[in-house]
Amino acid sequence: MGVVNVTPDSFSDGGRFPTVDSAVAAAGRMVEAGAAVIDIGGESTRPGAAAVSSPEEIDRVLPVVEGVRGFDAVVSVDTSKATVAEAAIAAGAGMVNDVRAARAPGMLELLARSQVAVCLMHMRGEPRTMQARPEYEDVVRDVAAFLAERAAACRAAGIARERLLLDPGIGFGKTVTHNLELLRNLPALSGDGLPILVGASRKSMIGQLTGKPPGGRLAGSIGAAVFAVLSGAAMVRVHDVEETVDALAVVGAIEDRGLSGGGIH
Ligand code: 7PJ
């Protein structure tokens, strides 16, 4: 999954895609490099970020969805708002990537009315305050329980199991220690065998482990992606598609299985 942020201030590539054309062109290069999914986000969820209105988020995301839908990849919309998801689905999105795991008003119902894939991510608190003092009794058990509860809510709303992915939400209300413990225990996060998505690309965890600013986190991010896939992750959310696909191609060949491409087509 290649990340295309169209926010003025995203986590790690703020300002990289200042125009619709530059975002669509970047997505095209990611698909060319082997991305099976392009994740388009118009709400910044970086620690401390303020909320954005639905009309503003739709204005940011829709033109990019329309530009990317002709490519040979599933278009994912990174949103928590039912109105934004509905507009994106109508414009051709095939996946909703929800960092709030379908807890916002109307989201479960909207997803139940559609046929798209759904990623349910764990976040403790809200972006504005989530990194203040994250504490867990047992982070692996707490995150697994949350994801199981949200998957059950989706199933109860009528969303087929085959449409669901789970994500531990690296960096969303977690210390580096929490993130590492989750990565070390990926299989335990999906008791039910649902596929797992991991997003560690360029995040603060990589910076804290390597001492590098966001632009210098490529090698660290690839390390995290390769570890996640070898641990069973079905999908990794990355900014650097070409480099990650190459790393997974080599590791996959050594392991004698294909680790890149495929996906949810
Ligand atoms: C994630 C995400 C993640 C999923 C962001 C950034 C922060 N969606 N959206 N998983 N992170 N599913 O781009 O660094 O980890 S926004």
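At a threshold of 4.5 Å between side-chain heavy atoms, the hydrophobic network of Ile, Leu, Val, Met, Phe, Trp and Tyr places Ile58 and Val52 in two separate groups. Under a hydrophobic-cluster definition in which Ile, Leu, Val, Met, Phe, Trp and Tyr are linked whenever side-chain heavy atoms come within less than 4.5 Å, directly or via other members, Val250 and Val241 are assigned to different clusters. The hydrophobic clustering, which links ILVMFWY residues whose side-chain heavy atoms are closer than 4.5 Å, places Val31 and Val75 together. In the hydrophobic cluster analysis, where Ile, Leu, Val, Met, Phe, Trp and Tyr join through side-chain heavy atoms closer than 4.5 angstrom, Val140 is grouped together with Leu194.
Using the six-membered ring where Trp is involved, His178 and Tyr136 have ring planes that are perpendicular, over 60° apart on the 30 and 60° scheme.
A donor and an acceptor atom, one from each side chain of Ser80 and Asp98, are located under 3.5 Å apart. With 3.5 Å as the limit, one finds no donor-acceptor pair spanning the side chains of Glu57 and Ser53.
Side-chain atoms of Ile222 and Asp240, non-hydrogen and from C-beta on, never get closer than 4.5 Å to each other. The shortest side-chain heavy-atom distance between Ser114 and Arg163 falls under the 4.5 Å cut-off. In this structure, Val238 and Val3 have side chains that are not in contact, with every pair of non-hydrogen atoms separated by 4.5 Å or more. Contact annotation: the side chain of Glu126 approaches that of Arg100 to within less than 4.5 Å [non-hydrogen atoms, C-beta and beyond]. Between Cys154 and Met107 the shortest side-chain heavy-atom distance does not fall below 4.5 Å. At least one side-chain heavy atom of Glu243 sits less than 4.5 Å from a side-chain heavy atom of Leu218. Residues Val176 and Leu209 meet the side-chain proximity criterion, which asks for heavy atoms closer than 4.5 Å. Taking 4.5 Å as the limit, some side-chain heavy atom of Leu111 sits within range of a side-chain heavy atom of Val96.
Closest approach of Met95 and Leu197 over heavy atoms only: CE-CD2, 4.4 Å. For the pair Leu166 and Leu189, the tightest heavy-atom approach, listed with the atom from each and the gap, is CD1-O, 4.1 Å. Listed here is the closest heavy atom pair of Gly41 and Thr7: O-CG2, 3.9 Å. The two residues His122 and Leu147 come nearest to each other via the heavy atoms N-CD2, 3.9 Å. The shortest heavy-atom contact between Leu183 and Ser231 is O-OG, 4.5 Å. Smallest separation of non-hydrogen atoms from Ser54 and Val84: O-CG2, 4.0 Å.
One distance of note links CG of Asp142 with CD of Glu135; it measures 11.5 Å at 0.5 Å rounding. To the nearest 0.5 Å, the span separating CG on Asn5 from CD1 on Ile40 amounts to 10.5 Å. Taking CG of Leu110 as the start and CD1 of Ile89 as the end, the distance is 5.0 Å to the nearest 0.5 Å. Atom CE of residue Met235 and atom CE of residue Met1 lie 5.5 Å apart, to the nearest 0.5 angstrom. The CD1 atom of Ile159 sits 9.5 Å away from atom CZ of Arg155, with the distance rounded to the nearest 0.5 Å. To the nearest 0.5 Å, atom CE of residue Met30 and atom NE2 of residue His239 are 7.5 Å apart.
Of the candidates Ile38, Val116, Val61, Asp39, Val77 forms a side-chain contact (heavy atoms from CB on, under 4.5 Å) with just one, namely Val61.
A side-chain donor-acceptor contact under 3.5 Å links Arg150 to the backbone of Ala101. Under a 3.5 Å cut-off, the side chain of Ser190 and the backbone N or O of Pro187 do not form any donor-acceptor pair. With Asp256 contributing its side chain and Gly252 its backbone, the two residues share no donor-acceptor pair below 3.5 Å. When atom types are taken as modelled, the side chain of Arg217 and the backbone of Arg202 share a donor-acceptor pair closer than 3.5 angstrom. Under the 3.5 Å distance criterion, the side-chain polar atoms of Ser204 are left unmatched by any main-chain donor or acceptor of Gly207. Of the possible donor and acceptor atoms, none in the side chain of Lys212 sits under 3.5 Å from a partner among the backbone N and O of Ile206.
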Evaluation steps, side chain to side chain contact (heavy atoms under 4.5 Å, CB included), between Val251 and Val229: CA-CA 10 Å; Val251 174; Val229 172; over 6 Å; no
Going through the distances and angles, do Phe146 and Leu120 end up as a side chain to side chain contact (heavy atoms under 4.5 Å, CB included)? CA-CA 10 Å; Phe146 172 87; Leu120 301 168; over 6 Å; no
Intermediate values then yes/no, side chain to side chain contact (heavy atoms under 4.5 Å, CB included), Leu165 and Val118: CA-CA 6 Å; Leu165 293 101; Val118 178; over 6 Å; no
What verdict does the side chain to side chain contact (heavy atoms under 4.5 Å, CB included) test give for Phe172 and Arg124, after you've listed the backbone C-alpha separation in whole Å, the side-chain angles of each residue and the deciding distance to 0.1 Å? CA-CA 6 Å; Phe172 285 86; Arg124 166 69 54 90; over 6 Å; no
Would you check, one step at a time, whether the test salt bridge (Lys or Arg N to Asp or Glu O under 4.0 Å) holds for Asp167 with Arg237? CA-CA 10 Å; Asp167 185 332; Arg237 183 180 179 278; over 6 Å; no
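A salt bridge links Asp192 to Arg161: at least one charged side-chain nitrogen sits closer than 4.0 Å to a carboxylate oxygen. Glu181 and Lys174 are not joined by a salt bridge, as no carboxylate oxygen comes within less than 4.0 angstrom of a charged side-chain nitrogen. Looking at Glu149 and Arg103, no side-chain N of the basic residue comes within less than 4.0 Å of a carboxylate O on the acidic one, giving no salt bridge. The pair Glu137-Arg141 meets the salt-bridge criterion, with a side-chain N (NZ, NE, NH1 or NH2) lying under 4.0 Å from an Asp/Glu carboxylate O. With respect to the salt-bridge test (charged N to carboxylate O, under 4.0 angstrom), the residues Glu242 and Arg29 do not qualify.
Other residues, nucleotides and ligands contribute only 12 or fewer heavy atoms inside 6.0 Å of the CD atom of Glu32.
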